[in-house]
Amino acid sequence: MNAVIYLYSYHHGNTRKVAEAMANVLSAPIVELEDDGTARNSDTSGYDLIGFGAGIDRGKHYKQILDYAESLPQASGKKAFIFSTAGIYNEKKKLKDHAALRNILAARGFEIVGEFSCLGFDTIIGILKLFGGLNKGRPNAEDLERAKAFAVGLTK
Ligand SMILES: Cc1cc2nc3c(=O)[nH]c(=O)nc-3n(C[C@H](O)[C@H](O)[C@H](O)COP(=O)(O)O)c2cc1C
C-alpha cells in the first residue's frame, strides 16, 4: 500500500507527533500544508491511501486541511483516513469533530477506511495557560502506540 499523509499542525505540534507515528508504520511521506491550505506536493496520483490530519478548532479540523480537501479532484474510490488531536476527546466527540472533513472527502469520492483521535496539549484559553495548560504531555507514549496500532490496522 502506497500511503501519503497531509498534515496541518501548529498549536503545539501535537498532531505532527501522531502523524509521525503513523508515517513510520506506513512508510508514508508527510506533506505539511502551507498556512493558506495549499500543499507544495499535491500530486496524490501515485498513492492509494491518503491520510488527513490536523488539530480541532471549534468542533472541526483546522480550516487549512478542510480547504485542502475541498481543492482535491474526484478521487473515485481512493482510500482515505482521518486523524486529529483535540483539547477534549472521546470517541463520540471524535466522530462529530471529524464530520466536516469526512463529508468533504466523501463528496470527493474517497472511501474513508479509519478515523483516529487523541488528546493534545491545549493552551488556547488564556486561563489554561495560567494553570500550565490542558493535557500536558499529550499525546503521550500510549497515545502514539495507539496511533501506530491504528496505522497497522490500515495495512490489513
Ligand atoms: C484556535 C483553536 C481552537 C481550538 N478549538 C478546539 C475545540 O473546539 N475542541 C477541542 O477539543 N479542542 C480545541 N482546541 C485544542 C486543539 O485542538 C488541540 O490543542 C490540538 O492538539 C492542537 O493540535 P496541533 O498542536 O497539532 O495544532 C483548539 C485549539 C486552537 C489553537
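Quick caveat: nothing in here was measured; it's all calculated off a predicted structure. In each ligand, atom 1 is the first atom listed, and ligand 1 is the first ligand listed. These numbers come from the heavy atoms of this one structure, side chains and all, not from hydrogens, waters or symmetry mates.
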*Can you figure out which of Tyr62, Tyr10, Tyr8, Tyr89 has its heavy atom closest to atom 1 (C) of ligand 1?*
Tyr10
*asked:* Please verify the inter-ring angle class for His12 with Phe121; under 30° counts as parallel, over 60° as perpendicular, anything in between as tilted.
replied: tilted
*asked:* Within the 4.5 Å heavy-atom criterion, are Met1 and Leu154 side-chain neighbours or not?
replied: no
*What is the ring orientation for Phe52 with Tyr68, classed by angle as parallel under 30°, tilted 30 to 60°, or perpendicular over 60°?*
tilted
*asked:* Tell me whether the count of non-hydrogen atoms from other residues, nucleotides or ligands lying under 6.0 Å of NZ in Lys79 goes above 12.
replied: no
*asked:* Within the 4.5 Å heavy-atom criterion, are His11 and Thr123 side-chain neighbours or not?
replied: yes
*More than 12 foreign heavy atoms under 6.0 Å from NZ of Lys96: is that the case here?*
no
*atom 18 (C) of ligand 1: which of Gly87, Pro139, Ser84, Cys118 has the nearest heavy atom?*
Gly87
*In ligand 1, which numbered atoms sit nearer than 4.0 Å to a non-hydrogen atom of Gly13?*
25 (O)
*Could you tell me which atoms of ligand 1, counted from 1 in the order shown, lie closer than 4.0 angstrom to a heavy atom of Lys93?*
9 (N), 10 (C), 11 (O)
*asked:* Using a 4.0 Å cut-off to any heavy atom of Thr85, which atoms of ligand 1 qualify?
replied: 17 (O), 20 (C), 21 (O), 22 (C), 23 (O)
*Nearest candidate to atom 29 (C) of ligand 1, where distance is taken over non-hydrogen atoms, out of Ile56, Val18, Asp57*: Ile56
_Tell me the protein heavy atom at minimum distance from atom 25 (O) of ligand 1, and give that distance in Å._
His12 N, 2.7 Å
*Looking only at heavy atoms, which two atoms of Gln74 and Ala107 are closest? And how far apart?*
NE2-O, 3.0 Å
*Which residue supplies the protein heavy atom nearest to atom 7 (C) of ligand 1, what is that atom called, and how far is it?*
Arg58 N, 3.6 Å
*With heavy atoms of Asp122 as the reference, note each atom of ligand 1 found under 4.0 Å away.*
14 (N), 15 (C), 19 (O)
*Selected option - heavy-atom contact closest to atom 2 (C) of ligand 1, from Asn90, Asn135, Asp97, Ile124*: Ile124
*Got a sec: does the CD of Glu142 have more than 12 other heavy atoms crowding it under 6.0 Å?*
no
*asked:* Gly55 versus ligand 1: do any nitrogen or oxygen atoms come within less than 3.5 Å of each other?
replied: no
*Which atoms of ligand 1 are found less than 4.0 Å from any heavy atom of Gly120?*
19 (O), 21 (O)
*If the plane angle is over 60° it's perpendicular, under 30° parallel, otherwise tilted; pick one for Tyr8 and Tyr10.*
tilted
_Ligand-residue contact atoms, ligand 1 with Phe121, heavy atoms, under 4.0 Å_ = 19 (O)
